[in-house]
Amino acid sequence: QVQLVESGGGLVQAGGSLRLSCAASGRTASTYVMGWFRQAPGKERDFVAAISRIDRATYYADSVRGRFTISVDNAKNTAYLQMNGLKPEDTAVYYCAAGARYTIVGAGYPNWGQGTQVTVSS
């Protein structure tokens with residue numbers, strides 16, 4: 001069992017920045033990939049970014065590439081999502097996910113956090 005706890009969400013004006021954190025605990029040995037997804041009201045949960053804890057390879061959705069940066073601190077079992085140049089369309093609940101391999105499909109991650117709200121005002 002892996003527990004994931006997100007933090008760092010909030011309200012920010014367009015163009016601003018936020019940094020999300022995802023702290024993992026429990027049986028983290030097999031969580032080779034940590035990722036972020038987001039779900040806006042009335043929409044499906046979409047892939048945002050992911051990182052390999054082994055070689056730190058990173059993956060991004062086209063909509064956030066160049067604005068968001070994912071990173072991981074293995075010593076702290078914590079992943080981060082630095083979000084710059086935020087837009088109103090980035091407003092969503094952001095979820096942390098962890099699993100054994102990279103995929104943009106949410107069902108491929110067996111472990112999820114509870115989510116943190118990010119609201120970007122125009």
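- Residues Ile51 and Tyr102 are members of separate hydrophobic clusters, defined by side-chain heavy-atom contacts under 4.5 angstrom among Ile, Leu, Val, Met, Phe, Trp and Tyr.
- For the atom pair Leu81 CG and Cys22 SG, the distance stands at 10.5 Å (nearest 0.5 Å).
- Each of Lys76, Gln82, Met83 was checked for a side chain to side chain contact (heavy atoms under 4.5 Å, CB included) with Tyr80, and the lone residue meeting it is Lys76.
- Met34 and Val64 end up in the same hydrophobic cluster when Ile, Leu, Val, Met, Phe, Trp and Tyr side chains are linked at under 4.5 Å.
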May I have the step-by-step check of side-chain contact (heavy atoms from CB on, under 4.5 Å) for Thr103 and Tyr109, ending in yes or no?
CA-CA 8 Å; Thr103 175; Tyr109 295 86; 3.5 Å; yes
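- Under the 3.5 Å distance criterion, with hydrogens and angles disregarded, a donor-acceptor pair is assigned to the side chains of Asn74 and Arg53.
- Side-chain contact between Val72 and Arg56 is present, with heavy atoms from C-beta onward closer than 4.5 Å.
- Note: Trp112 and Tyr95 have perpendicular aromatic rings, judged against thresholds of 30 and 60 degrees for the angle between ring planes.
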Output, in order, the C-alpha distance, side-chain angles, deciding distance and verdict of ring-ring contact (aromatic ring centres under 6.0 Å, His included) for Tyr59 and Phe47.
CA-CA 10 Å; Tyr59 310 89; Phe47 170 77; 7.7 Å; no
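- Rounded to the nearest 0.5 angstrom, Asn84 CG and Phe68 CZ are separated by 8.5 Å.
- With contacts defined as side-chain heavy-atom distances shorter than 4.5 Å, the pair Trp36/Leu20 qualifies.
- For the atom pair Leu4 CG and Thr31 OG1, the distance stands at 8.0 Å (nearest 0.5 Å).
- How far CG of Asn77 is from OG of Ser25: 8.5 Å, rounded to the nearest 0.5 Å.
- Rounding to the nearest 0.5 angstrom, the gap separating the CZ atom in Arg67 from the CG atom in Asp90 is 4.0 Å.
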Go through the steps for Val120 and Leu11 under the test side-chain contact (heavy atoms from CB on, under 4.5 Å), then give the verdict.
CA-CA 6 Å; Val120 184; Leu11 172 65; over 6 Å; no
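- Sorted by first and then second residue, the side chain to side chain donor-acceptor pair (under 3.5 Å) pairs with a member in residues 113-122 read Glu6-Gln114, Gln117-Thr119; sequence neighbours excluded.
- Scanning both residues, Ala14 and Pro88, for their nearest heavy atoms gives CB-CD, 4.1 Å.
- Both Val48 and Ile70 sit in one connected hydrophobic cluster of ILVMFWY residues. Membership requires side-chain heavy atoms under 4.5 Å apart, directly or through other members.
- A salt bridge links Arg65 to Asp62: one of the charged nitrogens lies within less than 4.0 Å of a carboxylate oxygen.
- When all heavy atoms of Val33 and Ala50 are compared, the closest pair comes out as CG1-CB, 4.1 Å.
- Asp73 and Thr78 share no side-chain donor-acceptor pair at under 3.5 Å.
- For Ile104, the CD1 atom is loosely surrounded, since the number of other residues' heavy atoms within 6.0 Å does not exceed 12.
- Val2 and Tyr32 fall into different hydrophobic clusters, where Ile, Leu, Val, Met, Phe, Trp and Tyr are joined by side-chain heavy atoms under 4.5 Å apart, directly or via other members.
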